[in-house]
Amino acid sequence: MAKKYITTAIPYMNGDPHIGHAIDYCLGDVCARYYTLRGNEVRLQAGTDEHGNKIFNKAKEVGVSVQEFVDEKTETFKNFIEKLGVSYTDFVRTTDPEHMKRVQEIWKKLEKHIYRAKYQGWYCTGCERFITDKEYEENGGICPDHNKSYERLEEENYYFRISDFKDRILEAITSGEMKILPDFREKEIIKLLKESPDVSVSRPISQLTWGVPIPGDESQVTYVWIDALSNYLTVLGYPDEDISEWWPAAAQFVGKDILRFHAIIWPAMLLGLGLPLPKTIVSHGMILADGQKMSKSVGNVINPIEVVEKYGLDAFRYYFLRHIDTFSDSNFTWQRFSDAYNNELANDLGNLVQRLSTLAMKNNISIEETEYEFTKEYNELMEKFYFSKALDYVWVRIQELNKRIDAEKPWSLAKNGETEKLQKCLKNLISDLLANAKMLEPFLPASSEKIFEIFRGSITSPETPLFPKG
RNA sequence: CGAGGGGUAGAGCAGUCCGGUAGCUCGUUUGGCUCAUAACCAAAAGGUCGUUGGUUCAAAUCCAACCCCCUCAACCA
(Lines give C-alpha, C1' and ligand atoms only; values in the text may rest on other atoms or scores of the structure.)
Protein backbone atom coordinates (compact mmCIF):
# COMPACT_ATOMS: atom_id res chain seq x y z
CA MET A 1 0.00 0.00 0.00
CA ALA A 2 1.39 3.35 -1.03
CA LYS A 3 1.96 5.95 1.64
CA LYS A 4 0.98 9.58 1.31
CA TYR A 5 1.89 12.41 3.64
CA ILE A 6 -0.16 15.60 3.52
CA THR A 7 0.46 18.75 5.49
CA THR A 8 -1.45 21.87 6.46
CA ALA A 9 0.02 25.17 7.58
CA ILE A 10 0.45 25.63 11.30
CA PRO A 11 -1.33 28.79 12.42
CA TYR A 12 0.32 31.32 14.66
CA MET A 13 -1.26 31.21 18.09
CA ASN A 14 -1.61 34.91 18.68
CA GLY A 15 -5.13 35.00 17.29
CA ASP A 16 -8.25 32.93 17.04
CA PRO A 17 -9.10 30.46 14.31
CA HIS A 18 -10.67 32.03 11.26
CA ILE A 19 -11.93 31.19 7.82
CA GLY A 20 -8.46 31.16 6.25
CA HIS A 21 -7.35 28.37 8.54
CA ALA A 22 -10.56 26.50 7.80
CA ILE A 23 -9.86 26.48 4.08
CA ASP A 24 -6.40 25.14 4.55
CA TYR A 25 -7.67 22.32 6.74
CA CYS A 26 -10.54 21.47 4.43
CA LEU A 27 -8.28 21.24 1.40
CA GLY A 28 -5.86 19.00 3.23
CA ASP A 29 -8.69 16.89 4.52
CA VAL A 30 -10.31 16.38 1.12
CA CYS A 31 -6.97 15.39 -0.28
CA ALA A 32 -6.34 12.97 2.57
CA ARG A 33 -9.76 11.36 2.28
CA TYR A 34 -9.38 11.04 -1.46
CA TYR A 35 -6.02 9.30 -1.21
CA THR A 36 -7.38 7.01 1.50
CA LEU A 37 -10.30 6.02 -0.70
CA ARG A 38 -7.84 5.26 -3.48
CA GLY A 39 -6.27 2.70 -1.18
CA ASN A 40 -3.31 4.65 0.17
CA GLU A 41 -2.13 4.82 3.72
CA VAL A 42 -2.36 8.49 4.61
CA ARG A 43 -0.99 10.75 7.29
CA LEU A 44 -2.45 14.23 7.60
CA GLN A 45 -0.52 16.64 9.78
CA ALA A 46 -1.87 19.65 11.63
CA GLY A 47 -0.32 21.77 14.30
CA THR A 48 0.30 25.07 15.98
CA ASP A 49 3.10 27.62 15.89
CA GLU A 50 3.58 28.88 19.42
CA HIS A 51 6.83 30.80 19.70
CA GLY A 52 7.76 34.43 19.20
CA ASN A 53 7.38 37.85 20.71
CA LYS A 54 3.83 38.47 19.67
CA ILE A 55 2.66 35.50 21.65
CA PHE A 56 4.92 36.34 24.55
CA ASN A 57 3.52 39.87 24.73
CA LYS A 58 -0.04 38.78 24.26
CA ALA A 59 0.24 36.42 27.21
CA LYS A 60 1.63 39.22 29.36
CA GLU A 61 -1.22 41.42 28.24
CA VAL A 62 -3.81 38.85 29.24
CA GLY A 63 -1.92 38.19 32.43
CA VAL A 64 -1.23 34.49 32.20
CA SER A 65 1.97 32.55 31.76
CA VAL A 66 3.03 32.06 28.18
CA GLN A 67 2.69 28.33 28.42
CA GLU A 68 -0.83 28.61 29.81
CA PHE A 69 -1.69 31.00 27.04
CA VAL A 70 -0.57 28.74 24.22
CA ASP A 71 -2.04 25.66 25.87
CA GLU A 72 -5.42 27.29 25.85
CA LYS A 73 -5.09 28.60 22.31
CA THR A 74 -4.04 25.21 21.05
CA GLU A 75 -7.14 23.67 22.62
CA THR A 76 -9.26 26.24 20.81
CA PHE A 77 -7.65 25.33 17.52
CA LYS A 78 -8.01 21.61 18.13
CA ASN A 79 -11.72 22.05 18.78
CA PHE A 80 -11.99 24.12 15.65
CA ILE A 81 -10.31 21.46 13.55
CA GLU A 82 -12.59 18.81 14.94
CA LYS A 83 -15.69 20.83 14.21
CA LEU A 84 -14.58 20.95 10.58
CA GLY A 85 -14.38 17.18 10.43
CA VAL A 86 -10.69 17.19 9.60
CA SER A 87 -9.29 13.68 9.62
CA TYR A 88 -5.82 14.58 10.85
CA THR A 89 -3.57 11.84 12.13
CA ASP A 90 -0.72 13.86 13.61
CA PHE A 91 -0.64 17.03 15.63
CA VAL A 92 2.47 19.04 16.31
CA ARG A 93 3.10 21.95 18.66
CA THR A 94 6.25 23.99 18.32
CA THR A 95 6.50 24.25 22.11
CA ASP A 96 6.51 20.50 22.44
CA PRO A 97 9.89 19.52 24.03
CA GLU A 98 10.31 16.75 21.48
CA HIS A 99 9.85 19.22 18.63
CA MET A 100 12.25 21.70 20.21
CA LYS A 101 14.92 19.09 20.70
CA ARG A 102 14.57 18.01 17.08
CA VAL A 103 14.75 21.60 15.86
CA GLN A 104 18.09 21.91 17.59
CA GLU A 105 19.31 18.77 15.86
CA ILE A 106 18.11 20.15 12.55
CA TRP A 107 19.95 23.37 13.29
CA LYS A 108 23.17 21.47 13.84
CA LYS A 109 22.74 19.63 10.57
CA LEU A 110 22.30 22.95 8.77
CA GLU A 111 25.23 24.67 10.45
CA LYS A 112 27.52 24.60 7.43
CA HIS A 113 25.01 26.82 5.63
CA ILE A 114 24.61 29.21 8.54
CA TYR A 115 26.81 32.20 9.25
CA ARG A 116 26.86 35.07 11.71
CA ALA A 117 26.49 38.62 10.49
CA LYS A 118 25.47 42.05 11.57
CA TYR A 119 22.24 43.59 10.52
CA GLN A 120 21.74 47.28 10.49
CA GLY A 121 18.47 49.04 9.97
CA TRP A 122 15.74 51.31 11.22
CA TYR A 123 14.08 50.10 14.35
CA CYS A 124 10.98 51.18 16.23
CA THR A 125 11.19 50.62 19.97
CA GLY A 126 7.41 50.78 20.15
CA CYS A 127 6.80 48.07 17.58
CA GLU A 128 9.91 46.24 18.71
CA ARG A 129 10.86 45.49 15.15
CA PHE A 130 12.97 46.55 12.23
CA ILE A 131 11.28 48.28 9.35
CA THR A 132 12.28 48.51 5.72
CA ASP A 133 14.02 51.54 4.28
CA LYS A 134 11.00 52.16 2.14
CA GLU A 135 8.69 52.16 5.11
CA TYR A 136 11.08 54.57 6.78
CA GLU A 137 10.81 56.97 3.88
CA GLU A 138 7.08 56.63 3.56
CA ASN A 139 6.55 57.45 7.20
CA GLY A 140 9.07 60.24 7.16
CA GLY A 141 11.22 58.62 9.81
CA ILE A 142 8.49 58.51 12.42
CA CYS A 143 6.47 55.48 13.39
CA PRO A 144 2.80 56.28 12.74
CA ASP A 145 1.65 53.82 15.40
CA HIS A 146 3.83 55.13 18.18
CA ASN A 147 4.62 58.64 17.03
CA LYS A 148 8.30 58.05 17.77
CA SER A 149 11.38 58.50 15.65
CA TYR A 150 12.94 55.35 14.29
CA GLU A 151 16.35 54.50 15.64
CA ARG A 152 19.32 53.19 13.72
CA LEU A 153 20.13 49.89 15.31
CA GLU A 154 22.61 47.15 14.75
CA GLU A 155 22.01 43.56 15.67
CA GLU A 156 23.97 40.39 15.21
CA ASN A 157 22.08 37.38 13.84
CA TYR A 158 22.65 34.04 12.26
CA TYR A 159 21.84 33.87 8.59
CA PHE A 160 20.88 30.90 6.47
CA ARG A 161 22.60 30.87 3.11
CA ILE A 162 19.70 30.47 0.69
CA SER A 163 22.09 31.16 -2.17
CA ASP A 164 23.66 27.72 -1.68
CA PHE A 165 20.46 26.15 -2.97
CA LYS A 166 18.87 28.55 -5.43
CA ASP A 167 19.98 26.72 -8.55
CA ARG A 168 18.89 23.41 -7.21
CA ILE A 169 15.45 24.73 -6.19
CA LEU A 170 14.95 26.37 -9.56
CA GLU A 171 15.81 23.14 -11.27
CA ALA A 172 13.38 21.21 -9.06
CA ILE A 173 10.61 23.63 -9.93
CA THR A 174 11.21 23.71 -13.66
CA SER A 175 11.66 19.97 -13.94
CA GLY A 176 8.44 19.32 -12.06
CA GLU A 177 10.19 17.54 -9.21
CA MET A 178 8.56 20.06 -6.89
CA LYS A 179 5.35 21.33 -8.40
CA ILE A 180 3.91 24.63 -7.23
CA LEU A 181 0.22 25.12 -7.81
CA PRO A 182 -1.37 27.09 -9.34
CA ASP A 183 0.91 27.77 -12.31
CA PHE A 184 0.79 31.53 -12.00
CA ARG A 185 2.15 31.29 -8.48
CA GLU A 186 4.94 29.07 -9.72
CA LYS A 187 5.90 31.78 -12.20
CA GLU A 188 5.88 34.31 -9.41
CA ILE A 189 8.11 32.17 -7.21
CA ILE A 190 10.64 31.57 -9.97
CA LYS A 191 11.08 35.32 -10.29
CA LEU A 192 11.25 35.83 -6.55
CA LEU A 193 13.69 33.01 -6.06
CA LYS A 194 16.31 34.68 -8.19
CA GLU A 195 16.39 37.75 -6.01
CA SER A 196 15.94 36.03 -2.67
CA PRO A 197 18.50 37.11 -0.08
CA ASP A 198 19.78 35.00 2.77
CA VAL A 199 17.40 34.95 5.68
CA SER A 200 18.01 35.71 9.27
CA VAL A 201 17.20 32.67 11.35
CA SER A 202 17.92 33.87 14.87
CA ARG A 203 17.40 36.71 17.26
CA PRO A 204 19.49 37.80 20.21
CA ILE A 205 17.99 36.54 23.42
CA SER A 206 17.67 40.13 24.58
CA GLN A 207 15.11 40.58 21.80
CA LEU A 208 13.39 37.24 21.86
CA THR A 209 13.20 34.77 24.70
CA TRP A 210 10.19 32.64 23.79
CA GLY A 211 11.74 30.27 21.30
CA VAL A 212 14.12 27.42 20.72
CA PRO A 213 17.63 28.18 22.04
CA ILE A 214 20.40 27.80 19.53
CA PRO A 215 22.65 24.88 20.36
CA GLY A 216 26.07 26.11 21.41
CA ASP A 217 25.16 29.79 21.60
CA GLU A 218 23.09 30.87 24.53
CA SER A 219 22.95 34.44 23.35
CA GLN A 220 20.64 33.59 20.44
CA VAL A 221 17.24 32.00 19.89
CA THR A 222 15.91 30.55 16.63
CA TYR A 223 13.65 32.83 14.76
CA VAL A 224 10.49 31.51 13.12
CA TRP A 225 11.79 29.77 9.99
CA ILE A 226 13.78 26.86 11.21
CA ASP A 227 11.51 26.38 14.19
CA ALA A 228 8.16 26.48 12.43
CA LEU A 229 8.94 24.95 9.05
CA SER A 230 10.65 22.01 10.72
CA ASN A 231 7.30 20.91 12.12
CA TYR A 232 6.54 19.01 8.95
CA LEU A 233 9.52 16.79 9.68
CA THR A 234 9.65 16.65 13.47
CA VAL A 235 6.08 15.41 13.65
CA LEU A 236 7.20 12.39 11.66
CA GLY A 237 10.02 11.82 14.11
CA TYR A 238 12.89 13.34 12.15
CA PRO A 239 15.80 13.14 12.73
CA ASP A 240 15.40 10.42 15.37
CA GLU A 241 13.35 8.18 13.14
CA ASP A 242 13.61 7.03 9.56
CA ILE A 243 10.97 9.03 7.69
CA SER A 244 11.72 7.84 4.17
CA GLU A 245 8.40 5.99 3.95
CA TRP A 246 6.51 9.25 4.39
CA TRP A 247 8.79 11.94 3.16
CA PRO A 248 8.67 13.64 0.63
CA ALA A 249 5.15 14.88 1.26
CA ALA A 250 2.63 14.24 -1.50
CA ALA A 251 1.09 17.66 -0.96
CA GLN A 252 1.64 20.63 1.29
CA PHE A 253 -1.24 23.09 1.56
CA VAL A 254 -0.45 26.72 2.32
CA GLY A 255 -2.09 30.11 1.92
CA LYS A 256 -0.77 32.38 -0.80
CA ASP A 257 0.58 34.73 1.85
CA ILE A 258 3.06 32.17 3.13
CA LEU A 259 3.82 30.45 -0.16
CA ARG A 260 7.14 32.18 -0.64
CA PHE A 261 8.49 30.82 2.61
CA HIS A 262 7.35 27.34 1.70
CA ALA A 263 8.64 27.54 -1.83
CA ILE A 264 12.02 29.10 -1.12
CA ILE A 265 13.23 28.89 2.49
CA TRP A 266 11.69 25.51 3.15
CA PRO A 267 13.15 23.73 0.10
CA ALA A 268 16.51 25.28 0.92
CA MET A 269 16.30 23.79 4.41
CA LEU A 270 15.39 20.40 3.04
CA LEU A 271 18.27 20.46 0.59
CA GLY A 272 20.59 21.46 3.41
CA LEU A 273 19.41 18.41 5.32
CA GLY A 274 19.88 16.19 2.29
CA LEU A 275 16.17 15.43 2.10
CA PRO A 276 14.00 15.28 -1.01
CA LEU A 277 11.63 18.14 -1.80
CA PRO A 278 7.85 17.91 -1.44
CA LYS A 279 6.09 16.70 -4.57
CA THR A 280 3.55 19.51 -4.58
CA ILE A 281 2.98 22.76 -2.80
CA VAL A 282 -0.60 23.88 -3.19
CA SER A 283 -1.23 27.54 -2.63
CA HIS A 284 -4.80 28.59 -2.04
CA GLY A 285 -6.31 32.06 -2.21
CA MET A 286 -7.97 34.25 0.34
CA ILE A 287 -11.64 34.46 1.09
CA LEU A 288 -13.13 37.86 0.62
CA ALA A 289 -16.33 39.23 2.07
CA ASP A 290 -18.11 41.17 -0.64
CA GLY A 291 -14.88 41.67 -2.50
CA GLN A 292 -13.11 43.01 0.55
CA LYS A 293 -10.50 41.54 2.77
CA MET A 294 -12.04 40.33 5.98
CA SER A 295 -10.93 42.26 8.98
CA LYS A 296 -12.10 42.80 12.49
CA SER A 297 -12.01 46.56 12.16
CA VAL A 298 -14.24 46.51 9.09
CA GLY A 299 -16.46 44.02 10.89
CA ASN A 300 -17.06 41.77 7.90
CA VAL A 301 -15.53 38.63 9.33
CA ILE A 302 -17.25 35.36 8.55
CA ASN A 303 -16.95 32.87 11.35
CA PRO A 304 -16.79 29.37 9.89
CA ILE A 305 -18.26 27.82 13.03
CA GLU A 306 -21.29 30.05 12.68
CA VAL A 307 -21.80 28.72 9.15
CA VAL A 308 -21.41 25.14 10.35
CA GLU A 309 -23.89 25.62 13.17
CA LYS A 310 -26.42 27.25 10.91
CA TYR A 311 -26.24 24.95 7.89
CA GLY A 312 -24.30 21.88 8.91
CA LEU A 313 -20.74 20.77 8.40
CA ASP A 314 -21.20 19.24 4.96
CA ALA A 315 -22.88 22.37 3.67
CA PHE A 316 -19.91 24.39 4.85
CA ARG A 317 -17.44 22.03 3.26
CA TYR A 318 -19.47 21.94 0.06
CA TYR A 319 -19.61 25.66 -0.37
CA PHE A 320 -16.03 26.33 0.52
CA LEU A 321 -14.67 23.56 -1.64
CA ARG A 322 -16.81 24.24 -4.69
CA HIS A 323 -17.68 27.90 -4.84
CA ILE A 324 -14.51 29.13 -3.25
CA ASP A 325 -11.96 28.47 -5.98
CA THR A 326 -9.17 26.16 -4.91
CA PHE A 327 -6.44 28.51 -6.10
CA SER A 328 -7.60 32.10 -6.43
CA ASP A 329 -9.28 34.57 -4.13
CA SER A 330 -13.03 34.13 -3.94
CA ASN A 331 -15.98 35.89 -2.47
CA PHE A 332 -18.21 34.75 0.32
CA THR A 333 -21.66 36.21 0.80
CA TRP A 334 -24.47 34.73 2.83
CA GLN A 335 -26.75 35.20 -0.17
CA ARG A 336 -24.57 33.08 -2.43
CA PHE A 337 -24.14 30.56 0.32
CA SER A 338 -27.84 30.11 0.86
CA ASP A 339 -28.47 30.01 -2.89
CA ALA A 340 -25.97 27.20 -3.21
CA TYR A 341 -27.44 25.42 -0.23
CA ASN A 342 -31.02 25.59 -1.45
CA ASN A 343 -30.49 25.08 -5.17
CA GLU A 344 -27.68 22.61 -5.17
CA LEU A 345 -27.65 20.68 -1.94
CA ALA A 346 -31.36 20.67 -1.14
CA ASN A 347 -32.91 20.73 -4.62
CA ASP A 348 -30.42 18.96 -6.85
CA LEU A 349 -28.98 16.38 -4.50
CA GLY A 350 -31.34 16.17 -1.50
CA ASN A 351 -34.43 16.05 -3.60
CA LEU A 352 -32.89 13.53 -5.97
CA VAL A 353 -32.21 11.19 -3.06
CA GLN A 354 -35.74 11.73 -1.88
CA ARG A 355 -37.41 10.95 -5.18
CA LEU A 356 -35.31 7.90 -5.90
CA SER A 357 -35.71 6.43 -2.45
CA THR A 358 -39.47 6.91 -2.58
CA LEU A 359 -39.68 5.35 -6.03
CA ALA A 360 -37.58 2.42 -4.89
CA MET A 361 -39.66 1.93 -1.78
CA LYS A 362 -42.95 2.03 -3.62
CA ASN A 363 -41.72 -0.51 -6.16
CA ASN A 364 -39.83 -2.84 -3.83
CA ILE A 365 -36.43 -2.28 -5.35
CA SER A 366 -33.31 -3.44 -3.59
CA ILE A 367 -29.73 -2.84 -4.56
CA GLU A 368 -26.79 -5.16 -4.17
CA GLU A 369 -23.78 -3.56 -2.54
CA THR A 370 -20.90 -3.14 -4.91
CA GLU A 371 -17.68 -1.20 -4.93
CA TYR A 372 -18.08 2.00 -6.84
CA GLU A 373 -15.06 3.07 -8.84
CA PHE A 374 -14.07 6.66 -9.37
CA THR A 375 -14.21 7.75 -13.00
CA LYS A 376 -11.10 8.65 -14.92
CA GLU A 377 -12.11 12.28 -15.31
CA TYR A 378 -12.73 12.61 -11.60
CA ASN A 379 -9.39 11.10 -10.72
CA GLU A 380 -7.60 13.39 -13.11
CA LEU A 381 -9.13 16.45 -11.49
CA MET A 382 -8.48 15.22 -7.96
CA GLU A 383 -4.90 14.34 -8.69
CA LYS A 384 -4.29 17.82 -10.01
CA PHE A 385 -5.91 19.23 -6.85
CA TYR A 386 -8.67 20.86 -8.91
CA PHE A 387 -11.13 20.20 -6.11
CA SER A 388 -13.71 22.79 -7.07
CA LYS A 389 -13.68 21.47 -10.64
CA ALA A 390 -14.07 17.91 -9.40
CA LEU A 391 -17.19 18.94 -7.53
CA ASP A 392 -18.47 20.70 -10.66
CA TYR A 393 -17.93 17.47 -12.53
CA VAL A 394 -19.86 15.37 -10.02
CA TRP A 395 -22.62 17.93 -9.90
CA VAL A 396 -23.24 17.78 -13.64
CA ARG A 397 -23.75 14.05 -13.22
CA ILE A 398 -26.18 14.59 -10.38
CA GLN A 399 -28.20 17.03 -12.46
CA GLU A 400 -28.24 14.55 -15.32
CA LEU A 401 -29.91 12.02 -13.05
CA ASN A 402 -32.76 14.43 -12.39
CA LYS A 403 -33.15 14.85 -16.14
CA ARG A 404 -33.09 11.11 -16.69
CA ILE A 405 -35.84 10.48 -14.18
CA ASP A 406 -38.04 12.92 -16.05
CA ALA A 407 -37.15 11.37 -19.38
CA GLU A 408 -37.64 7.75 -18.33
CA LYS A 409 -40.77 8.39 -16.26
CA PRO A 410 -40.63 5.41 -13.89
CA TRP A 411 -44.07 6.32 -12.50
CA SER A 412 -45.56 5.71 -15.94
CA LEU A 413 -43.82 2.37 -16.18
CA ALA A 414 -45.36 1.43 -12.84
CA LYS A 415 -48.80 2.51 -13.97
CA ASN A 416 -48.51 0.47 -17.16
CA GLY A 417 -47.31 -2.60 -15.29
CA GLU A 418 -43.98 -2.70 -17.12
CA THR A 419 -42.33 -4.19 -14.06
CA GLU A 420 -39.18 -5.50 -15.62
CA LYS A 421 -38.40 -2.26 -17.38
CA LEU A 422 -39.20 -0.35 -14.21
CA GLN A 423 -36.87 -2.46 -12.09
CA LYS A 424 -34.05 -2.01 -14.52
CA CYS A 425 -34.62 1.71 -14.85
CA LEU A 426 -34.64 2.36 -11.12
CA LYS A 427 -31.70 0.12 -10.39
CA ASN A 428 -29.64 1.94 -12.98
CA LEU A 429 -30.61 5.31 -11.63
CA ILE A 430 -29.83 4.34 -8.07
CA SER A 431 -26.50 2.77 -8.78
CA ASP A 432 -25.50 5.85 -10.75
CA LEU A 433 -26.51 7.97 -7.81
CA LEU A 434 -24.41 5.85 -5.48
CA ALA A 435 -21.41 6.10 -7.80
CA ASN A 436 -21.73 9.85 -7.52
CA ALA A 437 -22.19 9.67 -3.77
CA LYS A 438 -18.90 7.83 -3.61
CA MET A 439 -17.15 10.65 -5.46
CA LEU A 440 -18.68 13.10 -3.00
CA GLU A 441 -17.28 11.27 -0.02
CA PRO A 442 -14.01 13.22 0.28
CA PHE A 443 -16.02 16.43 0.28
CA LEU A 444 -19.20 15.49 2.11
CA PRO A 445 -18.30 12.44 4.18
CA ALA A 446 -21.40 12.44 6.38
CA SER A 447 -23.90 13.04 3.58
CA SER A 448 -22.28 10.44 1.38
CA GLU A 449 -22.56 7.90 4.16
CA LYS A 450 -26.22 8.81 4.75
CA ILE A 451 -27.01 8.23 1.08
CA PHE A 452 -25.45 4.80 1.19
CA GLU A 453 -27.40 3.96 4.31
CA ILE A 454 -30.67 4.92 2.66
CA PHE A 455 -30.12 2.59 -0.27
CA ARG A 456 -28.62 -0.25 1.72
CA GLY A 457 -30.75 -3.38 2.29
CA SER A 458 -34.42 -2.55 2.27
CA ILE A 459 -34.60 0.98 0.98
CA THR A 460 -36.22 3.54 3.23
CA SER A 461 -37.08 7.07 2.42
CA PRO A 462 -35.39 9.34 4.96
CA GLU A 463 -37.68 10.91 7.52
CA THR A 464 -35.72 14.11 7.67
CA PRO A 465 -34.38 15.48 4.41
CA LEU A 466 -30.67 15.29 3.76
CA PHE A 467 -30.47 19.05 3.48
CA PRO A 468 -33.52 20.59 5.11
CA LYS A 469 -34.55 24.02 4.02
CA GLY A 470 -34.93 26.64 6.66
C1' C B 1 8.99 52.19 -10.25
C1' G B 2 8.49 46.48 -10.20
C1' A B 3 5.81 41.74 -10.14
C1' G B 4 1.20 38.59 -10.32
C1' G B 5 -4.08 38.24 -11.14
C1' G B 6 -8.49 40.25 -13.27
C1' G B 7 -12.04 43.48 -16.55
C1' U B 8 -17.37 38.39 -21.00
C1' A B 9 -25.76 38.99 -20.17
C1' G B 10 -28.83 41.82 -13.59
C1' A B 11 -25.14 38.70 -10.31
C1' G B 12 -21.11 34.93 -10.04
C1' C B 13 -18.03 32.59 -13.58
C1' A B 14 -16.12 29.31 -18.10
C1' G B 15 -14.17 30.03 -22.91
C1' U B 16 -8.38 33.06 -24.50
C1' C B 17 -2.59 28.31 -24.77
C1' C B 18 -4.35 25.29 -30.38
C1' G B 19 -8.40 32.21 -33.93
C1' G B 20 -14.26 30.44 -37.04
C1' U B 21 -20.58 34.75 -36.16
C1' A B 22 -20.48 33.70 -27.45
C1' G B 23 -21.40 29.22 -23.01
C1' C B 24 -22.57 27.62 -17.63
C1' U B 25 -25.00 28.52 -12.77
C1' C B 26 -28.25 31.82 -10.13
C1' G B 27 -32.07 35.36 -10.94
C1' U B 28 -36.42 36.75 -14.43
C1' U B 29 -40.63 35.03 -17.83
C1' U B 30 -43.51 31.08 -20.02
C1' G B 31 -44.88 26.03 -20.60
C1' G B 32 -44.77 20.75 -18.88
C1' C B 33 -44.77 16.91 -15.19
C1' U B 34 -46.36 14.70 -10.46
C1' C B 35 -41.78 10.07 -8.16
C1' A B 36 -39.95 14.31 -4.96
C1' U B 37 -37.76 19.04 0.23
C1' A B 38 -43.65 24.57 -3.62
C1' A B 39 -38.84 20.29 -5.42
C1' C B 40 -37.98 18.31 -10.99
C1' C B 41 -38.02 18.89 -16.65
C1' A B 42 -38.38 22.06 -21.14
C1' A B 43 -38.16 26.71 -23.50
C1' A B 44 -37.57 32.11 -23.86
C1' A B 45 -35.76 37.03 -22.91
C1' G B 46 -31.07 39.25 -21.70
C1' G B 47 -24.06 40.40 -23.96
C1' U B 48 -21.12 46.20 -29.46
C1' C B 49 -16.64 39.84 -24.70
C1' G B 50 -12.45 47.24 -20.60
C1' U B 51 -10.79 51.10 -24.74
C1' U B 52 -8.27 52.14 -29.35
C1' G B 53 -5.57 50.49 -33.38
C1' G B 54 -3.24 46.32 -36.15
C1' U B 55 -2.76 41.12 -38.41
C1' U B 56 -6.51 37.84 -40.90
C1' C B 57 -11.45 35.71 -45.42
C1' A B 58 -12.60 35.47 -39.98
C1' A B 59 -10.59 37.76 -33.09
C1' A B 60 -13.39 37.38 -26.58
C1' U B 61 -9.30 34.40 -28.54
C1' C B 62 -3.03 36.63 -31.89
C1' C B 63 0.00 41.60 -31.86
C1' A B 64 0.62 46.85 -29.99
C1' A B 65 -0.72 50.85 -26.95
C1' C B 66 -3.78 52.63 -23.23
C1' C B 67 -7.64 52.76 -19.07
C1' C B 68 -9.76 50.61 -14.58
C1' C B 69 -9.94 47.01 -10.25
C1' C B 70 -7.43 43.52 -6.77
C1' U B 71 -3.03 41.33 -4.56
C1' C B 72 2.20 40.98 -3.31
C1' A B 73 6.65 43.69 -2.52
C1' A B 74 12.19 40.74 1.18
C1' C B 75 13.34 39.12 8.12
C1' C B 76 6.80 41.95 11.67
C1' A B 77 4.28 34.27 9.42
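Protein chains get the first letters and strands the later ones, always in sequence-line order, with residue 1 at the start of each.
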Out of [options], which nucleotide sits closest to the side chain of [X]?
X	options	result
A:Asn347	B:A36, B:C40, B:A77	B:C40
A:Arg260	B:A77, B:U37, B:C72	B:C72
A:Lys187	B:G5, B:C76, B:U71	B:G5
A:Asp406	B:C35, B:A73, B:A77	B:C35

What's [X] touching, base or sugar-phosphate or nothing? Going by heavy atoms closer than 4.0 Å.
X	answer
A:Phe184	sugar-phosphate
A:Lys409	nothing
A:Asn351	base
A:Ala9	nothing
A:Pro197	base
A:Ser200	base
A:Leu466	base

Under 4.0 Å between a side-chain N or O of [X] and OP1 or OP2 of [N]?
X	N	value
A:Asn343	B:G27	yes
A:Lys256	B:C70	no
A:Lys403	B:C40	no

- Spatial distance of atom CD1 (A:Ile281) from atom CD (A:Glu186) [nearest 0.5 Å]: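 Answer for the CD1-CD pair, A:Ile281 versus A:Glu186, is 9.5 Å.
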
- Task: Using Watson-Crick or G-U wobble pairs with both distances under 3.5 Å, give me RNA chain B in dot-bracket, 5' to 3', with [ ] for crossers and | for pairs to another strand.
- Result: .(((((((.[[[[.).......]]]].(((((.......))))).....(((((.......))))))))))).....

Got a list of side-chain donor-acceptor pairs under 3.5 Å for residues 383-394 of chain A, not counting sequence neighbours?
| from | atom 1 | to | atom 2 | distance (Å) |
| --- | --- | --- | --- | --- |
| A:Glu383 | OE2 | A:Tyr34 | OH | 3.4 |
| A:Glu383 | OE2 | A:Arg38 | NH1 | 2.9 |
| A:Ser388 | OG | A:Thr326 | OG1 | 3.2 |
| A:Asp392 | OD1 | A:Arg322 | NE | 2.6 |
| A:Asp392 | OD1 | A:Arg322 | NH2 | 3.1 |
| A:Tyr393 | OH | A:Thr375 | OG1 | 2.7 |
| A:Tyr393 | OH | A:Arg397 | NH1 | 3.2 |

- Decide yes or no for A:Tyr223 and A:Tyr158: does some side-chain heavy atom of the first lie under 4.5 Å from some side-chain heavy atom of the second?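 They are not in contact (no side-chain heavy atoms under 4.5 Å apart), so the answer is no.
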
- Task: Begin with the C-alpha distance, continue with both residues' side-chain angles, and end with the deciding distance and a verdict on salt bridge (Lys or Arg N to Asp or Glu O under 4.0 Å) for A:Asp164 and A:Arg161.
- Result: CA-CA 6 Å; A:Asp164 287 354; A:Arg161 205 178 290 111; 3.4 Å; yes

- Item | Under 3.5 Å side-chain donor-acceptor pair for A:Asn231 and A:Gln45 |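 Yes, because at least one side-chain N or O of A:Asn231 sits under 3.5 Å from a partner of the opposite role on A:Gln45.
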
- Message: Any side-chain to backbone donor/acceptor pair from A:Tyr25 onto A:Leu84? Under 3.5 Å, distance only.
- Response: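 Checking the backbone N and O of A:Leu84 against the side chain of A:Tyr25, no donor-acceptor pair under 3.5 Å is found.
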
